[in-house]
Amino acid sequence: MPREKELYADTLERIRQRADQLYPEKLLYTRKEQVIIMGLPTAYELRARRVPVPATCEQLARAFS
């Protein structure tokens, strides 16, 4: 069983807080919402990291930790 990355838990917590502030009623986020949650200028980095659409907070944290 693979171990979780060292920064995964901290990254997940921060992403969940931001996502809950912006979209309290959602669990899956579109590419545009992902860019806003992550504070990125474009969707390029999400595509480079192969983040799926739609994605959960856990998937975003896994890609960015």
Side-chain angles (χ1 to χ4, degrees):
M1 187 164 152
R3 295 179 57 200
E4 94 182 10
K5 294 179 183 178
E6 186 177 321
L7 297 175
Y8 175 77
D10 294 333
T11 305
L12 177 58
E13 182 180 341
R14 292 185 71 195
I15 290 172
R16 276 190 181 155
Q17 287 175 354
R18 178 114 167 116
D20 286 344
Q21 286 175 344
L22 296 170
Y23 309 104
E25 72 287 345
K26 295 188 87 172
L27 294 176
L28 292 172
Y29 306 97
T30 65
R31 179 76 73 203
K32 183 176 180 181
E33 292 166 343
Q34 292 172 23
V35 168
I36 293 169
I37 290 167
M38 298 307 294
L40 298 171
T42 66
Y44 173 76
E45 184 151 352
L46 292 169
R47 286 191 297 272
R49 291 176 184 255
R50 299 178 189 259
V51 178
V53 176
T56 63
C57 290
E58 291 77 11
Q59 291 169 316
L60 284 169
R62 193 173 305 118
F64 281 86
S65 62

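Every heavy atom of this structure was used, including side-chain atoms; hydrogens, water molecules and symmetry mates were not. Numbering of residues begins at 1 and proceeds along the displayed sequence.
With rounding to the nearest 0.5 angstrom, the SG atom of C57 is 10.5 Å from the CD atom of Q17. Going from atom CD of Q59 over to atom CG of L12 covers 11.5 Å, rounded to the nearest 0.5 Å. Atom CG of L27 sits about 9.0 Å away from atom CG of D20, to the nearest 0.5 Å. Summarising the geometry, atom CZ belonging to R14 is positioned 13.5 Å from atom CD1 belonging to I37; distances are rounded to the nearest 0.5 Å.
In terms of modelled atom types and a separation under 3.5 Å, the side chain of Q34 and the main chain of P52 share a donor-acceptor contact. Although no hydrogens or angles enter the test, the distance criterion places no donor-acceptor pair under 3.5 Å between the side chain of E13 and the main chain of D10. At distances below 3.5 Å, at least one donor-acceptor pair connects side-chain atoms of R31 with backbone N or O atoms of V51. With R18 contributing its side chain and I36 its backbone, the two residues share a donor-acceptor pair below 3.5 Å.
Considering all non-hydrogen atoms of both residues, A61 and Y8 come closest at CB-CE1, 3.7 Å. Residue A43 comes nearest to V35 through the heavy atom pair CA-CG2, 3.6 Å, listed as atom of the first residue, atom of the second, then distance.
Y23 and L40 fall within the same hydrophobic cluster, where Ile, Leu, Val, Met, Phe, Trp and Tyr residues are linked whenever their side-chain heavy atoms come under 4.5 Å apart, directly or through other members. Following chains of ILVMFWY side-chain contacts shorter than 4.5 Å, one can reach L22 starting from M38, so the two form part of one hydrophobic cluster.
Listed by chain and residue number, nothing satisfies the salt bridge (Lys or Arg N to Asp or Glu O under 4.0 Å) test with K5 (two or more places apart in sequence, or in another chain).
Contact of the L46 side chain with the L60 side chain is registered, since non-hydrogen atoms from C-beta on lie closer than 4.5 Å.
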